[in-house]
Protein chains: 2
Amino acid sequence: MVGDNGATRGGLDDGTHPTKDGKKATIRDVANWAKVSLGTVSNVLNDPDRVAAATRNRVLDAIEATGFIRNIAARQLRGGGSKAIGIVILDSSNPFFTEMIRGAEDALRPEGYLLIACSTDGNEERETNYLRHLEEHQVEGVLITPSDDNLGQIIEFHDRGTPVVLVDRESNSGELCSVTVDDVKGGSIAVTHLIEEGHRKIVFINGPSSIRQCRDRRAGVDVAIRTLKNNSNTDKIEIVDIGVPALSIAAGEDIANSLLDIDPSITAIMCANDLLAIGVMRGITRSGSDLLSRIALVGYDDITFSSLVSPPLTSVRQPQYDLGHAAAKLLLEELADATHRHREIRFTPDLVVRESSCKHSIQS
Amino acid sequence: MVGDNGATRGGLDDGTHPTKDGKKATIRDVANWAKVSLGTVSNVLNDPDRVAAATRNRVLDAIEATGFIRNIAARQLRGGGSKAIGIVILDSSNPFFTEMIRGAEDALRPEGYLLIACSTDGNEERETNYLRHLEEHQVEGVLITPSDDNLGQIIEFHDRGTPVVLVDRESNSGELCSVTVDDVKGGSIAVTHLIEEGHRKIVFINGPSSIRQCRDRRAGVDVAIRTLKNNSNTDKIEIVDIGVPALSIAAGEDIANSLLDIDPSITAIMCANDLLAIGVMRGITRSGSDLLSRIALVGYDDITFSSLVSPPLTSVRQPQYDLGHAAAKLLLEELADATHRHREIRFTPDLVVRESSCKHSIQS
DNA sequence: CTGAAAGCGCTTACAG
DNA sequence: CTGAAAGCGCTTACAG
């Protein structure tokens, strides 16, 4: 489909094909082939209507014939924009984030943006590195779930000129757009459910308190307890806090052993996310203990797999895809409008009750 | 930490900070600040030893003070390379690929590369688009799991000058490096296991035959049957083929209904991957049927969640992380050495037997 | 060891 | 409607 067209239609005198293992075709090769100037080729690329149809078609043919691929680096150097967006997340192996990325990508792809996804594993140094790399690559914007509570470097990054939207994290005083889910509420509805099921002594397995989600979910527990106390009849409720270093299956599995000979008055476990809960389940199951059948368990995120584990896991559902999608939309807004006013979008989570927290009601 | 250093240490006469919401600092701002030429700044950046320590430190201070961030676009235009690698996969929501990406990234990050991950969902048009975008962005190399059997456009892409390593797909005649897992073998060991468990009539739920993995896994079944027949005593074995449009949980769930009133002589189901198998499990469970307790089920990939579903899923393990890691290493080799000889790395899968395929042995 | 100059591939006013 | 020219920010020989 390419071949010696070049020779017959005019253009390259020597008949060689510019893309053939020599250098890549440039806009200049296209111009030569089509017998027009560089500027005209550029116009065809960027503002086709400005070019007469006949000329335009000749240029289009030349692009086809030479195998020309526009060099974004050069374009952007002239102010064209990189057409790339960075997305910085905490954990690429958590399906929660995978879904979020999918949401963002579906919003960005139609606009011609390429998404560069970076997983920090909650490591702030990695975050710093990724941000620098993204800035070096001149991404036009960044979606980020901060790995640390301190927004300092992110705000500096933003002030240096790259639009930023926070995902699953609010900005302190509206300096940035954000899309969040109410984690206090989420923690609250989860523990309320457990209490309503009759549990009075509950273990809360939490991730690093540097992660805001972890703190808020835990705070929601206290809110719920306070509310219930005011509303009377509930007797003393006790929360036993256990911290683990990561929100992962492995961390859950590691902590499982220490749960085996737990105070028998404890009847429920709440985990800061589903991976942790699933890890706890696996650890307990592997140990051969029947603890799982005696205790209620709830997670957080409602990732796809949570409905598939055994027993199916009760969880707090967050609109994962929508989080990413909404964040991307905000970013596009900011990209399109320099005078953009920052906005904060907040979703409300809801509880998905499954067997893991209701053995009694199901068995009886 | 920045502030008016500029004024005291020399440099900018007006005392303004170049990064403050004006334009970004360029190499020229750094040069002015440090009272050296552009070339010297560039040398500090690219070949620090060439610059005298005193000068170098002054330049380093200037970089710090001006908040200079190198512009990769400009650098690469001069031939410096984009320091970006593309990875094109089939399905970003399949943990198999997530792990693979993690493997690749761990190999690439230390070398300073940024990974651009693109999920085609098996759609060839999306693949074409992503390849063009990656080429426009001048990625230095691409790791790709082709969405289609036809390697044509990938080979053209490679011939145009970007190194490519195939992942989970062999090149036809060694034109490209590749890292694969023996899927024929995998299909073979999975079905052999079922046959050894006594199953004679087996359903094979397969994805699109345009995906090589699907074809090979199915082919492995035939290989196994042929081998067993030659080795005597096995009576007739029957495979019932069912095709679904995607290798996803949703596709598995959709097909589950049609399995409910299945010929009772069928005692086992084999799925082309774990997501499909997990979807089938979910579909059957949701329907309220007890089919799952009567039938053996095996999947393929051994994603993390497969050991956690109920019943735990027997699966063919592939070294997901290693696949990505090895592919990235091959790419780095090709990047470093133009005279590079293409290599094909092939891993061998193994069977992980769990309850889903051994109810009898476990219950009895 | 340091600096001046050319040029990477493109876009953008500005003439014609 | 089309072309010539300047310049984006950097790197790379090449002089000095």
Side-chain angles (χ1 to χ4, degrees), chain A residues 18-19 22-60 62-63 66-84 135-140 160-161, chain B residues 18-19 22-60 62-63 66-84 135-140 160-161:
Chain A
T19 69
K23 307 291 102 215
K24 303 199 177 202
T26 72
I27 209 177
R28 157 162 281 123
D29 298 317
V30 175
N32 285 341
W33 198 99
K35 306 275 191 213
V36 296
S37 75
L38 297 189
T40 300
V41 177
S42 181
N43 285 337
V44 170
L45 254 24
N46 298 299
D47 191 4
D49 292 335
R50 252 177 82 181
V51 181
T55 316
R56 187 171 59 228
N57 287 331
R58 202 144 35 86
V59 171
L60 259 17
I63 288 174
T66 55
F68 170 73
I69 302 266
R70 185 197 210 131
N71 183 335
I72 291 270
R75 169 176 211 259
Q76 114 193 38
L77 202 52
R78 257 319 271 181
S82 64
K83 280 299 180 183
E135 196 169 357
E136 288 182 352
H137 280 271
Q138 323 289 123
V139 292
E140 295 186 43
R160 253 178 270 126
Chain B
T19 69
K23 306 292 99 213
K24 303 201 174 199
T26 72
I27 210 177
R28 156 163 282 124
D29 299 317
V30 175
N32 286 341
W33 198 100
K35 307 275 193 212
V36 295
S37 76
L38 297 188
T40 301
V41 177
S42 181
N43 284 336
V44 170
L45 255 23
N46 297 301
D47 190 5
D49 292 335
R50 252 175 82 179
V51 182
T55 316
R56 186 170 60 228
N57 287 332
R58 203 143 35 85
V59 171
L60 259 16
I63 288 174
T66 54
F68 170 73
I69 303 266
R70 186 198 211 133
N71 183 336
I72 292 269
R75 169 176 210 258
Q76 117 193 32
L77 203 50
R78 260 316 274 178
S82 64
K83 280 298 181 185
E135 195 168 358
E136 287 182 352
H137 279 270
Q138 322 289 124
V139 292
E140 295 186 43
R160 254 178 269 127

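Just so it is clear: chains get the letters A, B, ... in the order the sequence lines come, proteins before strands, and each one is counted from 1.
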Q: State which residues pass side chain to side chain contact (heavy atoms under 4.5 Å, CB included) with B/Ala84; sequence neighbours excluded, sorted by chain then number.
A: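 Counting only residues at least two positions away or on another chain, B/Ala84 forms a side chain to side chain contact (heavy atoms under 4.5 Å, CB included) with A/His137, B/Ser82, B/Ile116, B/Val139.
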Across the strands shown, which category fits [X] at heavy-atom distances under 4.0 angstrom: base, sugar-phosphate, nothing?
X	value
A/Val51	sugar-phosphate
B/Val41	nothing
B/Thr26	sugar-phosphate

How many Å lie between [atom1] on [X] and [atom2] on [N], as a whole number?
X	N	atom1	atom2	value
B/Ile27	D/dC8	CD1	P	14 Å
A/Lys24	C/dC10	NZ	P	11 Å
A/Glu135	D/dG9	CD	P	14 Å
A/Arg70	C/dC8	CZ	C1'	17 Å
A/Lys35	D/dA4	NZ	P	14 Å
B/Lys83	D/dT11	NZ	C1'	15 Å
B/Leu38	C/dA5	CG	P	11 Å
A/Gln76	C/dC8	CD	P	18 Å

Hey, is the side chain of [X] poking within less than 4.0 Å of OP1 or OP2 on [N], counting only N and O atoms?
X	N	result
B/Ser42	D/dT12	no
A/Arg75	C/dT11	yes
A/Thr40	D/dG3	yes
B/Asn46	D/dT11	yes

For residues [X] and [Y], report the shortest heavy-atom separation together with the two atoms involved.
X	Y	answer
B/Phe68	B/Ile27	CE1-N, 3.4 Å
A/Lys83	A/Glu140	N-OE2, 2.5 Å
B/Asp49	B/Arg56	CA-NH1, 4.1 Å
B/Ala34	B/Ala62	CB-CB, 3.8 Å
A/Asp29	A/Thr66	O-CG2, 4.3 Å

[X] side chain: which of [options] is closest?
X	options	value
B/Arg50	D/dG9, D/dT2, D/dC14	D/dC14
A/Ala74	D/dG9, C/dC10, D/dT11	C/dC10
A/Ala52	C/dG9, D/dC1, D/dC10	D/dC1

TODO: Step by step, work out the side chain to side chain contact (heavy atoms under 4.5 Å, CB included) result for A/Ile72 and B/Gln138.
DONE: CA-CA 8 Å; A/Ile72 291 270; B/Gln138 322 289 124; 5.7 Å; no
- prompt: Where each residue is assigned the nucleotide of DNA chain C containing its nearest heavy atom, which of B/Asn43 and A/Ala73 is assigned the position nearer the 5′ end?
  reply: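 Its nucleotide being nearer the 5' end, the pick is B/Asn43.
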With nearest nucleotides of DNA chain C determined for B/Thr55 and B/Leu77 from heavy-atom distances, which residue corresponds to the more 5′ nucleotide?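 Per heavy-atom nearest nucleotide, the more 5' residue is B/Thr55.
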* **Intermediate values then yes/no, side chain to side chain contact (heavy atoms under 4.5 Å, CB included), A/Val51 and A/Val59** => CA-CA 10 Å; A/Val51 181; A/Val59 171; 5.7 Å; no
Report task. Select from A/Arg78 and A/Asp49 the residue whose nearest nucleotide in DNA chain D is closer to the 5' end of that strand. Result ->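 Here A/Asp49 is the residue nearer the 5' end.
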Which comes earlier along DNA chain D counting from the 5' end, the contact point of B/Arg28 or that of A/Gly39, where each point is its nearest nucleotide?
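Closest to the 5' end, via its nearest nucleotide, is A/Gly39.
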Where DNA chain C forms stems, i.e. three or more consecutive Watson-Crick or G-U pairs with both distances under 3.5 Å: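 As far as DNA chain C goes, consecutive pairing (with distances under 3.5 Å) yields the stems C:1-3 with D:14-16, C:5-12 with D:5-12, C:14-16 with D:1-3.
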